[in-house]
Amino acid sequence: MSMFTARVDGLKAEKNSAQRIVAKQLEESGRSIIDLSAGELDEPAPAVIRDAAREALGTASNRYTETIGLPLLRRQLAAMLSTRTGRSWNADQVAVTAGAKQALFNIALALFDSGDEVIIPSPHWTTFPAQVKLAGATPVLFDTRDAAYQLDVSSLARRITPRTKAIVLNSPHNPTGTVYSNESMREVGALAQRHGLFAILDQCYGDFVFADRDGVRAHDVNCFDPSKLLVVDSFSKAVALTGWRLGYVAGDPALIAVIRAIQTHTTSNPNSLAQAALCAAMPVGWADFTQGVRAKLGANRDLIVTNLCGRTDVRVPHPEGGFFAYLDVRDWRRPAASGGPAVAEEFCTELLKRECVMLVPGTAFGDPHGVRLSFTPRREVLDQSLQAIVRFLDLTR
Ligand SMILES: Cc1ncc(COP(=O)(O)O)c(C=O)c1O
């Protein structure tokens, strides 16, 4: 019998450790790896934020702050959300957290009990079901593969039971690069209202949308019941601040009060220097940074479309937002000598060994037939990697 609790049973830390072990061996034998597995931008954070952090260091900012964030930062975030969503938000509806991850975990602890079910479209970011389980509830994975990773709302409706408590919506989506259509979001909003479900909308990649699917930039949240909507966002992806750990959740003030209590007894406030820097930088903004990254990612995304999207051996939907492309490798075959059907792990290991390009097998996202590619590197590096992937596919088809 395990000495650990049931809630950590099966909990894993490393997403792609098998790949990392192979990569390390290759590096030790003198080969250099192109790593397209990262879930973060390649550039430094905007200068306005870095300058503000230096300033914050000079003026102390060393004490505890309010548990769920500096009041000014919460007001600023509420104002930003009001502009983005066309709905009015107040500071008492915002909690600043150590990244979106803590925001999501606080939500899970506040809302989910044993016996509750939480619907998660799948493939999914690894952490969503892990946190639901840590809270003692049951993740219900909703397979989106046959709907090209979009939400087929009538099938989704069939997954709802009397135990369903919430649905997790992540758009732009990690790992598939999908942006949900406004129409399906409206349908999900109506469904959630009909069944009294919480909707957790993770918009961490919301600044980077390329396809202009229905002109979507930020999703219209007005179709959700305001008392049951939780918007989660982060500075990690938007301004390349993964290491500073700063995110937030916006929702009903009663839930924010519970989150304050949870955070009080767990981590206390998020990093004070990061908060001070963001407070100072927000009035100036970083529109030039966002535009630059969006242009770079958009051009990289076009390279993916040109090189991978028309193929029949791997199916790659046009990335619509975020910075991931997703390869459906179920029809890919390994060289005849190895035989057997392809799976994501084999695809990634083989690609890594032959071409030294590292991707993430979809097993990490609940999909043994998918592979995630991060298109954040410089164009030349991405171009070189795509040529290697195409060469690999042509040789192993
Ligand atoms: C969909 C999604 N949500 C949340 C996060 C966590 O972001 P943060 O660094 O703000 O905790 C990630 C990180 O990869 C993500 O992909």
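Only heavy atoms go into these numbers, but all of them, side chains included; no hydrogens, no water, no symmetry mates. Just follow the structure's listing: the first ligand is 1, and inside any ligand the first atom is 1.
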Task: Heavy-atom nearest neighbour of atom 3 (N) of ligand 1 within options Asp202, Asn170, Leu241 - done: Asp202

Task: Nearest protein heavy atom with distance in Å, relative to atom 9 (O) of ligand 1 - done: Ser236 OG, 2.6 Å

Task: Distance filter under 4.0 Å to Ser234 heavy atoms, resulting ligand 1 atoms - done: 8 (P), 10 (O)

Open item on the list: Among all the protein's non-hydrogen atoms, which is closest to atom 5 (C) of ligand 1, and how far away is it?
Closed with: Trp125 CH2, 3.3 Å

Open item on the list: Once you measure the plane-to-plane angle for Phe210 and Phe375, does it fall in the parallel (<30°), tilted (30-60°) or perpendicular (>60°) bin?
Closed with: tilted

TODO: Determine whether the side chains of Ser37 and Gln19 contain a donor N or O and an acceptor N or O closer than 3.5 Å.
DONE: no

Task: Backbone of Val179 reached by a side-chain donor or acceptor of Gln150 within 3.5 Å - done: yes

Open item on the list: Side chain, backbone, both or neither: which applies to Phe235 and ligand 1 if a contact is any heavy-atom pair less than 4.0 Å apart?
Closed with: neither

Open item on the list: Over 60° means perpendicular and under 30° means parallel, so tell me whether Tyr205 and Phe324 are parallel, tilted or perpendicular.
Closed with: perpendicular

Task: Min N/O separation Gln102 to ligand 1 under 3.5 Å - done: no

Task: Phe347 vs Trp332, ring pair (Phe, Tyr, Trp, His ring centres under 6.0 Å): CA-CA, chis, key distance, verdict - done: CA-CA 8 Å; Phe347 181 97; Trp332 172 78; 4.8 Å; yes

Task: Sub-4.0 Å heavy-atom approach of Arg245 to ligand 1 - done: yes

Open item on the list: Below 4.0 Å from ligand 1: does a non-hydrogen atom of Lys237 turn up there or not?
Closed with: yes

Task: Thr396 and Glu350: side chain donor to acceptor below 3.5 Å - done: no

Task: Residue selection (non-hydrogen contact nearest atom 7 (O) of ligand 1) among Gly99, Pro175, Ala100 - done: Ala100

Open item on the list: Tell me if a side-chain donor or acceptor on Asn307 pairs with a main-chain N or O of Gln387 at a distance below 3.5 Å.
Closed with: no

TODO: Consider only side-chain N and O atoms of Gln203 and Ser171, and report whether a donor and an acceptor are under 3.5 Å apart.
DONE: no

Open item on the list: Any nitrogen or oxygen of Cys204 lying under 3.5 Å from a nitrogen or oxygen in ligand 1? Just yes or no.
Closed with: no

Task: ligand 1 N/O within reach of Lys101 N/O, cut-off under 3.5 Å - done: yes

